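Owing to the predicted nature of the structure, the values given are computational and were not obtained by experimental measurement. Here, residue 1 is the first one in the sequence, and each next residue gets the next number.
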Amino acid sequence: MCACTWVVLLLAVLAPAPFGAARAVSAVPSAAVGRGPDPAVPAVARWWPVGTRPAVVRGWEPPANAYGPGHRGVDLAAAGGAPVRAVAAGRVSFAGRVAGRGVVSLELTGTGDPPLRTTYEPVAASVREGDEVAAGEVLGTVEPTGSHCTACLHWGLLRGDVYLDPLSLLPPWLLDSGPSRLLPVLEVPLPEEQSEGRSGNRSANPSEVRPGERRTISG
């Protein structure tokens, strides 16, 4: 694809919303965006492009027509220098600069003809055109400047020249999974119980034995 075509596609991606239209100012929870996955998009992703479950700063806003305003992708919260990963296995179809921004495009393996193509920007690429990458492999790092939003990664998805919602690539377990929680282990005192024991503030009832404690019986 020639550089002029990339410029046209980039300008279309970054087309502003109509005057007076609502714009997202604060982060939107990931699971609250893209709840209706596109049936034409297989959920082949095994990684988020950045982080483990980044906030969606601005969601997918499909335009009414090919040249209409909208948001042809999603913006994910990401600090400059954060690693950008391939969401699924594929081949790098472009890695370079478009209108001053670092862009990486990846054709996803086994997604039809033409294949699904994900785009990432602004990215300082560590891969080259033609490279085969595995899911989760680092493609580069987020550039601190150069995007249409601050501290974010723009993630796009196309099949041919048709833009699609990239969040549709995420299976439910990846889209909806919450943060890890530590579960209690049986017969192991909780931290507050341990602190109580050190301070001597224990129950006055000698018959009360907590899990894991030993009682010494004199006499």
Going from CG on L116 to CG on L158, what distance comes out if it is rounded to the nearest 0.5 angstrom? 9.0 Å
Here the gap from L175 atom CG to W48 atom CH2, rounded to the nearest 0.5 Å, amounts to 5.5 Å
In terms of heavy-atom contacts, G140 and V123 come closest through CA-CG1, 3.9 Å
In the single-linkage hydrophobic clustering (I, L, V, M, F, W, Y; side-chain heavy atoms under 4.5 Å), do V74 and L174 co-cluster? yes
Mark yes or no for whether T118, through its side chain, and L157, through its backbone, hold a donor-acceptor pair below 3.5 Å. no
With rounding to the nearest 0.5 Å, note down the distance linking CG in D161 to CZ in R159. 13.0 Å
Would you say V138 ends up clustered with L106 if hydrophobic residues are merged whenever their side chains have heavy atoms under 4.5 Å apart, either directly or through other cluster members? no
Got a second to check how far H154's NE2 is from E121's CD, nearest 0.5 Å? 5.5 Å
Atom CZ of R53 and atom CG of L170: how far apart are they, to the nearest 0.5 Å? 10.5 Å
Looking only at heavy atoms, which two atoms of T111 and P42 are closest? And how far apart? CG2-CG, 4.4 Å
Measuring from atom OH of Y120 to atom CG of L76, what distance do you get when rounded to the nearest 0.5 angstrom? 10.5 Å
Give the minimum heavy-atom separation between A78 and V142, together with the two atoms involved. CB-CG2, 4.0 Å
Looking only at non-hydrogen atoms, find the nearest pair between R117 and S93 and report the distance. CD-OG, 3.6 Å
Nearest non-hydrogen partners of V87 and W155, listed with the distance: CG1-CZ2, 3.7 Å
Single-linkage hydrophobic cluster V84~W47, side-chain heavy atoms < 4.5 angstrom: no
Heavy-atom closest pair, residues P114 and G160: CG-N, 3.8 Å
